[in-house]
Amino acid sequence: MQATHSDNPKKYDLPKGYEFAEVERRWYTRWLADKTFSARMDEGKPAFAIVIPPPNVTGVLHIGHALNNTLQDLLVRYHRMRGDNTLWVPGTDHAGIATQNVVERQLASEKLSRHDLGREKFIERVWAWKEEKGGTIINQLKRMGASCDWDRERFTMDDGLSQAVREVFVRLYKEGLIYKGDYIVNWCPRCHTALADDEVEHDPTDGKLYHIRYPYADGSGQVVVATTRPETMLGDTAVAVHPDDERYQHLAEIGISLPLTGRTIPVVFDHHVQREFGTGALKVTPAHDRDDYEIGLRHDLPRLKVMDDRGVMNEAAGPYAGLDRFACRKRVVADLEAAGLLGKIEDYQHAVGKCYRCATVVEPTTSKQWFVSVRPLADKAVAAVQQGRINLYPNTWYRTFYSWMENIRDWCISRQIWWGHRIPAWTCEGCGQLIVEVDAPDVCPFCGSTRLFQENDVLDTWFSSALWPFSTLGWPEQTRELATFYPTSVLITSFDILFFWVARMMMMGLHCMDEVPFRDVYLHALVRDKHGKKMSKSTGNVIDPLVMIEQYGTDAFRFTLTAFAAQGREIRMDEERIDGYRRFINKLWNAARFAQMHLASADPAITALAADPKRLGLAHRWILSRTNATIGEVRAALDGYNFNEVAQANYRFVWHEVCDWYLEWIKADLSGEDAAARDQAKAVLLTVLEQVLKLMHPVTPFVTEEIWSQLPGARGSIMVESFPETNPAWEDEEAENTMNLLMGVISGVRTIRTEAEVHPSARIEATLICPDPDKRRLLTEFGPGIQAMVRASSLAIVESGQVPDDAGHGLVQEVELVVPLKGLIDVAGELDKLAKERSKLEKELERVVGKLGNEQFMRNAPAAVVAKERDKEAEIRSRLTKTIESTERLSKLR
RNA sequence: GGGCGAAUAGCUCAGCUGGGAGAGCAUCGGCCUUACAAGCCGAGGGUCACAGGUUCGAGCCCUGUUUCGCCCACCA
């Protein structure tokens, strides 16, 4: 009777296909209920801590988060299984500008602005939004299987964290490392706030370069200046030329008559000006250009602001007041044209700074802002990295890190928005003194006035996230968490926030805690589409992690991300790969089903048999040796953050060693009559399966937990099982060599079968000709196994013999494989192949012989390499002989 | 302008300190062989971008070239 899939439904406890959706839901709920993710702080155990890069509270899980959190979870689960005191702190970032924008948009749909509500009501509204919508990404992280200690979830505007922010601010202020001043900053006219330098993105943009004639004040001539922003000329307060430029020396006395305004402005001499560029003359607008600002400082030029916060021209722009800056540009150009002062207009591509939040063209402008003097802090960070107290992975980042830190500029930390940590500084209306304190003062300590007004500005979002590694652990309180888990072990993040965030955490951690915030930094790549393009909504190439999870399951998705995470390599996500790994998860599932058939009634204590492999059969010794090797590989890969190797080692082992060979090999024993053989097989099968599940658990938590729970015996969560360790007793080179021989012979016979198109279920008669007595003994010993694997009705193992003319023939490790095939051979095809084989072997032989005949090689190459070449020569020669014999034999059949 | 990275099978990628080129997918052939057709057994397919160099030996090290990508930068 032919068995079908519906037969014996009771034979399997596990469903035929892996049903990930139900399993994932069930186990995550259970893990949460059992608090399996909760950090422990046991005495005497090493600590392993990761703080999550807090996603924006407005965030929606994208594939970058998915990668980032998969890698973190991988390490956290690994260390938890190793028995470390393991903590993964989750949380979200209040994301000042981003969040304020979201709520403002919401208000706009009600035809309201934040000003209609006023500051207090607006902030209430943001909190309300956060309560309602802010948990989105946290729930999505849970879908990813993230094993964060959720009871310790933090938000950068929590009371505790806000306290930490004020403490640090006040401390830095009192140390003179925070100052307030009127400087040029990047201003976003749409967000109405200053931006830090790295919050400005420079896009190459097609624009125009306008050449404008500036007449000399005495009318004796003119100088041409070029600009991409003609409207800023209204704020020009000088023209600059190079000090050594003979063309303009005489202008020092004369000055320039600024067109459209009639103002007279001086000519200044500054080394910044490039003589070769354009006419060598540069218009100077200190209030609206960063370089011009510097020139202005050097020459004590007035700073004339001609725009307001919205990018609209102000009264200083005279007749242009009230015009938007871009409208003004057109008008200025038209007026210059009319006045005959406009020179050529060139197409010009240049980098235009845009707001990283809303892509509005940033306006450099002077404004009163708060800054951090980063030099002393940066020096500490650089020193810590140089001393190896912080390691960067991949190490290609060191150079970039150092060069960035060398050129770092003071950090503008004030933002003119409402959502964020309000700067803890008050101005006394009585005496005008500035008071900076952690807690709001009631009276002015200088004059006793009670009329104190707090700063309106809030802090840059990155200020609070810079404190994240210690603020989340309770600082400034000296908590047990802080003592146990600071410094944290590793930070895993995307390289694009190395400077926004990572460098600043180093600075703040070293300064405030006097200790690094983390020992290792692993910087992963950006996830791109399979063609290497950035994913973006407009391109339409976005891969949504949640869709992937629904389609392929979380484990398959996680496995894919892990497999792609090779150091120093960009990730080109390909949905087909996810599908491939989904099949792998299913393969594991089915291997477990198979095991379960035989293990369901087994006593888990039988695994004790595997402790002493010397008494076990070959295949068992082999798979234990391979298990041992795989454990070593996986651990090394995890310890070195070589995530792709973790995936690869597991994949290879499970599919190509356990499933392809081991399970097939032991089928006979499992269903055979020999009770001792059966017990061995069960014992090792269970042992290997346990090891596999543990090895894979950090990558694929759900399927491994589900299978684990079904194994015989009472079992707790696999999450708290101990991670596999290499076991020297399992290492067995001899078993590996023998199995390699057997597997080679089996594959060789299968090739003969397939090429002759022997039906897979047909039995063949096979002969192995093996002159080597040791190998012959092994082949004889394991003959029944070989016979089963190649579906032979008979298997003869002989020392020597003739190969019949019509036999299929192969050669593996000096063993001749002979399968009589009675006319099934495709003679012409085989002869073709043999000819190809022959020429290939001859070429190889030539190379090897040449090498061995080379004195230099013989002198310089290590003995092992020489010996290997000798073996190779012998092997090639014997293969060549056999190939020629086969050719002759087959030729007769033609 | 400076810096970094990449180029290996049709596609996506491994290849760790130099010692006989690999995987998955795709392609071709054959199979429902009772864990898995989401599978099994096989096959074909590569001038390791190009040119030099070092070496007994180079996908790997060095130099240069080309192409692509990214980061940083005050040439209006």
Side-chain angles (χ1 to χ4, degrees), chain A residues 2-5 7-8 11-12 14 16-18 202 209 225-229 240 272-274 276-278 281-285 289-295 348 350-351 394 396-397 399-400 403-404 407 495-496 498-499 525-526 528 530-534 563-564 566 568-574 576-577 579-598 636-637 640 642 644-645 648 651-652 656 659-660 663-664 667 747 750-755 757-761 791 844 847-848 851 854-862 864-866 868-869 872:
Chain A
Q2 190 73 17
T4 64
H5 301 318
D7 276 3
N8 297 330
K11 207 165 168 184
Y12 312 104
L14 305 175
K16 184 170 171 175
Y18 173 52
H202 294 271
L209 185 62
V225 298
T227 180
T228 54
R229 297 189 300 150
H272 167 78
V273 182
Q274 313 280 311
E276 303 75 26
F277 189 92
L282 171 66
K283 64 188 275 305
V284 183
T285 324
D289 184 281
R290 186 177 288 275
D291 300 331
D292 294 3
Y293 175 84
E294 302 285 336
I295 295 173
Y348 194 74
H350 59 139
T396 48
W397 286 102
R399 190 193 277 263
T400 313
S403 76
W404 193 82
N407 300 317
F495 69 82
D496 54 343
L498 177 59
F499 306 122
L526 244 48
R528 300 165 183 284
K530 68 178 193 174
H531 306 293
K533 291 221 163 57
K534 263 190 190 175
F564 267 117
R569 186 116 192 180
E570 66 180 28
I571 295 176
R572 299 191 185 192
M573 181 48 62
D574 182 356
E576 283 180 18
R577 282 278 290 269
D579 191 50
Y581 291 125
R582 178 187 57 84
R583 294 212 285 264
F584 173 60
I585 302 298
N586 196 59
K587 184 79 178 173
L588 173 67
W589 178 257
N590 277 294
R593 281 178 74 223
F594 172 75
Q596 196 59 3
M597 267 167 63
H598 300 283
N642 292 308
N644 58 320
E645 293 178 12
Q648 203 190 345
Y651 188 98
R652 190 213 66 241
H656 297 306
C659 291
D660 285 353
L663 294 186
E664 294 303 325
K667 272 179 180 172
S747 294
R750 283 172 173 170
T751 303
I752 295 168
R753 289 185 59 120
T754 305
E755 286 184 348
E757 296 184 5
V758 174
H759 193 277
S761 58
R791 302 195 142 242
E844 274 182 43
R847 217 182 51 210
V848 173
K851 237 179 180 177
N854 182 331
E855 271 179 52
Q856 307 266 30
F857 173 75
M858 299 304 284
R859 219 177 22 241
N860 295 324
V865 174
V866 175
K868 214 170 157 191
E869 290 295 317
K872 204 189 296 177

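Every heavy atom of this structure was used, including side-chain atoms; hydrogens, water molecules and symmetry mates were not. Small disclaimer: the values here were computed from a predicted structure and weren't measured. By convention in this document, chain letters (A, B, ...) are assigned in the order of the sequence lines, proteins followed by strands, and residues within each chain are numbered from 1.
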Take the protein atom [atom1] of [X] and the nucleotide atom [atom2] of [N], then report the distance between them rounded to whole Å.
X	N	atom1	atom2	result
A/F495	B/G3	CZ	P	19 Å
A/R652	B/G15	CZ	P	14 Å
A/Q274	B/A73	CD	C1'	13 Å
A/D292	B/C75	CG	C1'	12 Å
A/E855	B/G57	CD	P	14 Å
A/E869	B/C56	CD	P	16 Å
A/F857	B/G57	CZ	P	11 Å
A/H598	B/A35	NE2	C1'	8 Å

Notebook entry, point to check: Short question: side chain of A/D289, backbone of A/T285 - any donor-acceptor pair under 3.5 Å?
Noted result: no

Checklist line | A/F857 backbone acceptor or donor facing A/N854 side chain under 3.5 Å | finding: yes

Identify the heavy atoms of [X] and [Y] that sit nearest to each other, and give their distance.
X	Y	answer
A/K283	A/V225	N-CG1, 4.0 Å
A/M573	A/F564	CE-CD1, 3.7 Å
A/E664	A/C659	CG-O, 3.9 Å
A/L663	A/A591	CD1-CB, 3.9 Å
A/K667	A/F594	CG-CZ, 3.6 Å
A/T227	A/R229	OG1-N, 2.9 Å

Next item on the list: Apply side-chain hydrogen bond (donor to acceptor under 3.5 Å, both in side chains) to A/R859 and A/Q856, showing your working.
Entry: CA-CA 5 Å; A/R859 219 177 22 241; A/Q856 307 266 30; 3.0 Å; yes

Expressed as a whole number of Å, how far does the [atom1] atom of [N] sit from that of [M]?
N	M	atom1	result
B/G44	B/A9	C1'	11 Å
B/G29	B/A21	P	30 Å
B/G59	B/A49	P	10 Å
B/C50	B/A14	C1'	24 Å
B/C60	B/C48	P	10 Å
B/G53	B/G10	P	29 Å
B/A23	B/G46	C1'	14 Å
B/U63	B/C25	P	39 Å

Should [N] form a Watson-Crick or G-U wobble pair with both distances under 3.5 Å, which nucleotide is its partner?
N	answer
B/G57	none
B/A26	none
B/U33	none
B/C4	B/G69
B/C50	B/G64

Check: Could you run down nucleotides 25-31 of chain B 5' to 3' and tag each one B, S or - for protein heavy-atom contact under 4.0 Å?
Finding: S---BSS

Note to self: For nucleotides 43-49 of chain B, give me one character per nucleotide, 5' to 3': B if any protein heavy atom sits under 4.0 Å from the base, S if the only such contacts are to the sugar-phosphate, - if neither.
What the structure shows: S-S----

Item checked: Under 3.5 Å side-chain donor-acceptor pair for A/N586 and A/R583 -> no

Kindly give the atom pairs (protein nitrogen or oxygen, nucleotide nitrogen or oxygen) under 3.5 Å for nucleotides 10-14 of chain B.
unit_1 : atom_1 : unit_2 : atom_2 : d
B/U12  : O2     : A/R577 : NH1    : 3.3
B/C13  : OP1    : A/R572 : NE     : 3.3
B/A14  : OP1    : A/R569 : NE     : 3.1
B/A14  : OP2    : A/R569 : NE     : 2.9
B/A14  : OP2    : A/R569 : NH1    : 2.3
B/A14  : OP2    : A/R569 : NH2    : 3.3
B/A14  : O2'    : A/Q648 : OE1    : 3.0

Is the distance from OP1 or OP2 of [N] to the nearest side-chain N or O of [X] less than 4.0 Å?
X	N	result
A/S403	B/G2	no
A/K667	B/A35	yes
A/N860	B/C56	yes

Next item on the list: Anything under 30° is parallel, anything over 60° is perpendicular, the rest tilted; go ahead and classify A/F499 against A/W404.
Entry: parallel

Next item on the list: Report the residue (A/R791 or A/M858) whose heavy-atom-nearest nucleotide on RNA chain B is the more 5′ of the two.
Entry: A/R791

Check: Considering heavy-atom distances to RNA chain B, does A/H272 or A/N854 have its closest nucleotide positioned more toward the 5' end?
Finding: A/N854

Notebook entry, point to check: Distance from A/R791 atom CZ to A/R753 atom CZ, nearest 0.5 Å?
Noted result: 7.0 Å

[X] side-chain proximity, nearest of [options]:
X	options	answer
A/V865	B/C56, B/G19, B/C36	B/G19
A/K868	B/C36, B/C75, B/G20	B/G20
A/N590	B/A35, B/G42, B/C4	B/A35
A/R399	B/C4, B/C56, B/G20	B/C4
A/H656	B/G24, B/C41, B/G19	B/G24
A/T227	B/G20, B/A76, B/C56	B/A76
A/E664	B/C56, B/A35, B/G24	B/A35

Margin query: So if I apply the side-chain contact (heavy atoms from CB on, under 4.5 Å) rule between A/H272 and each of A/V284, A/D292, A/I295, which one comes out positive?
Written below: A/I295

Note to self: Using a heavy-atom cut-off of 4.0 Å across all strands, would you classify A/L663 as base, sugar-phosphate, or nothing?
What the structure shows: base

Check: Base, sugar-phosphate, or nothing: which does A/E844 touch, judged by heavy atoms less than 4.0 Å apart?
Finding: base

Notebook entry, point to check: Between A/R582 and A/D579, does at least one N-O distance fall below 4.0 Å, as a salt bridge requires?
Noted result: yes

Notebook entry, point to check: With a 3.5 Å cut-off and just heavy-atom distances, do the side chain of A/K851 and the base of B/C56 make a donor-acceptor pair?
Noted result: no

Note to self: Less than 4.5 Å apart, side chain to side chain, heavy atoms only: is that true for A/F495 and A/T400?
What the structure shows: no

